[in-house]
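Let me begin by presenting the structure, written as structure tokens, before commenting on it.
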Protein chains: 2
Amino acid sequence: MGIRTRRTERRTDALSKERIVEAAIEILDNDGESALTFRALAARLTTGSGAIYWHVADKNELLAAAIEDVITRATTDMVGGTEPRETIRAIALGVFDAIDLHPWVGSQLSREPLQPAMLQIFEGIGGRLQALGVPERAQFDSWSALVNYILGVAGQNAANARHTRETDRSAFLSTVAARWAQLDPAKYPFLRQVATPMREHDDREQFLAGIDLILAGIGTVR
Amino acid sequence: MGIRTRRTERRTDALSKERIVEAAIEILDNDGESALTFRALAARLTTGSGAIYWHVADKNELLAAAIEDVITRATTDMVGGTEPRETIRAIALGVFDAIDLHPWVGSQLSREPLQPAMLQIFEGIGGRLQALGVPERAQFDSWSALVNYILGVAGQNAANARHTRETDRSAFLSTVAARWAQLDPAKYPFLRQVATPMREHDDREQFLAGIDLILAGIGTVR
DNA sequence: ACCTGAACACCGTTCAAGT
DNA sequence: ACCTGAACACCGTTCAAGT
């Protein structure tokens with residue numbers, strides 16, 4: 001389709017940063033973080049490993065671009081309600097769902113949280129705190145509590161996904177729950193008791209419950 | 001000192017898991033995570049790299065043992081007050097300070113949060129929530145919010161420390177703050193405003209403020 | 001039982017050489 | 001301008017050989 005100009009047009013299979021990033025995301029999604037090597041990437045793109053360096057400076061830049069891609073897509077899809085509390089929940093859930101889909105983003109994010117794409121998310125949360133009427137002196141701490149919590153869950157989910165690759169997710173949680181259920185009741189009464197909800201809980205709802213708790217705490221500041 | 005029995009006594013420079021872990025921690029503390037290689041470790045212990053494998057299964061076990069060591073030491077030093085809210089703060093601060101001293105623990109923890117040594121910390125927090133009178137149905141979510149927040153901060157601190165190695169800490173934060181201060185005011189009003197507290201804040205107090213906010217939120221559950 | 005150190009299979013990255 | 005693929009310096013891990 002369209003007119004083929006001689007110079008700007010490329011063969012459709014030509015290498016480009018976008019195609020490289022796309023392929024990297026596929027590898028990360030399908031085979032996990034350890035599977036992303038320049039050799040594997042080159043093989044998938046049927047090119048030499050050195051060719052990738054023409055489009056991408058190094059592995060850090062590649063990962064940054066992959067995160068940028070996923071996070072940008074996630075924030076674009078987001079329907080922001082008008083009520084600040086709801087919007088904060090929606091933003092947080094957007095991050096959660098993106099990381100649920102691409103767990104490697106979670107571990108990269110807790111390694112390099114200041115990704116450019118995260119700025120929109122950080123701003124979105126901070127802005128809504130202002131709209132919520134949080135006193136100015138409490139805004140920074142409130143914002144940081146929410147952001148750290150979100151990044152914490154992100155890292156946890158990524159860790160779970162790493163274990164989950166071998167077996168499956170519910171099997172992994174069952175194993176942890178079973179281990180906790182067998183802890184010494186004298187030393188670990190709470191963890192024993194929490195083993196059941198641990199096995200049965202819905203990650204997404206638990207995540208939201210945490211957001212709500214923090215928002216409730218923020219609400220107590222006058 | 002003491003009688004030298006022929007078989008059980010070893011030359012003081014003999015290899016042992018403890019000495020290996022100790023040396024690993026020194027390398028991690030002084031030169032960062034990327035500096036810990038079996039070759040560097042062997043050189044520091046003036047032995048062959050293969051010798052380490054006689055005492056330690058692989059690098060994962062080595063890292064797990066190093067974390068165990070640091071976390072156990074941190075929880076041992078902890079003076080637990082009698083008031084539940086204070087005790088939760090003390091436990092959280094204990095983790096924070098340990099990670100502040102050994103940032104690599106933070107990144108390992110967000111990769112493998114279910115370290116055995118963490119069980120005491122998890123239990124300590126959960127137990128105090130019960131003592132605080134948190135309704136049973138809210139205990140799991142409350143506990144998970146606190147734990148995820150703590151692990152989130154741990155990961156962040158580790159990430160900051162990675163950047164800080166090259167320059168110094170305040171210089172790094174200043175750079176971030178300066179970058180945020182120059183963001184488009186129309187798109188990022190909050191981040192611009194928050195750039196100043198970001199540069200001036202005390203990490204430890206900010207961390208505690210987050211704990212307090214979550215505890216305040218937990219307190220609203222009746 | 002414990003240690004040595006060469007060897008193996010991998011990495012990320014570079015670069016002379018091609019088109 | 002863009003790509004190839006061998007080469008380099010490094011990993012974690014193994015293992016025959018030593019003591």
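In what follows, every chain begins at residue 1, and chains take the letters A, B, ... in the order their sequences are listed.
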With the side chain of [X] defined as its heavy atoms from C-beta on, choose the nearest nucleotide among [options].
| X | options | result |
| --- | --- | --- |
| A/F38 | C/dT13, D/dT13, D/dC3 | C/dT13 |
| B/R39 | C/dG12, D/dT13, C/dC2 | D/dT13 |
| A/S49 | D/dC3, D/dT13, D/dG5 | D/dG5 |
| B/T37 | D/dT14, D/dC3, D/dC11 | D/dC11 |

Quick check against the 3.5 Å criterion: does A/H201 have a side-chain atom that pairs as donor or acceptor with the backbone of A/M198?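 Yes, A/H201 side chain to A/M198 backbone: donor-acceptor pair under 3.5 Å.
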Quick one: is A/W54 getting a side-chain N or O under 4.0 Å of the D/dC2 phosphate, OP1 or OP2?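 Result: yes.
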Are B/H55 and C/dA1 close enough that a side-chain N or O sits under 4.0 Å from OP1 or OP2?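 No.
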Between atom [atom1] in [X] and atom [atom2] in [N], what is the gap in whole Å?
| X | N | atom1 | atom2 | value |
| --- | --- | --- | --- | --- |
| B/K59 | C/dC11 | NZ | P | 16 Å |
| A/L15 | D/dA1 | CG | C1' | 13 Å |
| A/E33 | C/dC11 | CD | P | 15 Å |
| A/Y53 | D/dC2 | OH | P | 19 Å |
| B/I20 | C/dC2 | CD1 | P | 12 Å |
| B/L63 | D/dC11 | CG | P | 15 Å |
| A/D58 | C/dC11 | CG | P | 17 Å |
| A/I52 | C/dT13 | CD1 | C1' | 11 Å |

Should [X] and [Y] count as side-chain neighbours, where that means a heavy-atom distance under 4.5 Å?
| X | Y | result |
| --- | --- | --- |
| B/Q206 | B/P197 | no |
| B/H163 | B/T175 | no |
| B/T196 | A/F140 | no |

Provide the Watson-Crick or G-U wobble partner of [N], both distances under 3.5 Å; none if there is no partner.
| N | answer |
| --- | --- |
| C/dA17 | none |
| C/dC11 | none |
| C/dC3 | none |

Give B/L36 one of three labels, base, sugar-phosphate or nothing, depending on what nucleic acid heavy atoms sit under 4.0 Å from its own.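 Counting heavy atoms under 4.0 Å across all strands, the contact made by B/L36 is with sugar-phosphate only.
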Assess the pair A/Y149 and A/F207: is the distance between their ring centroids shorter than 6.0 Å?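 Yes, they do, as the ring centres are separated by less than 6.0 Å.
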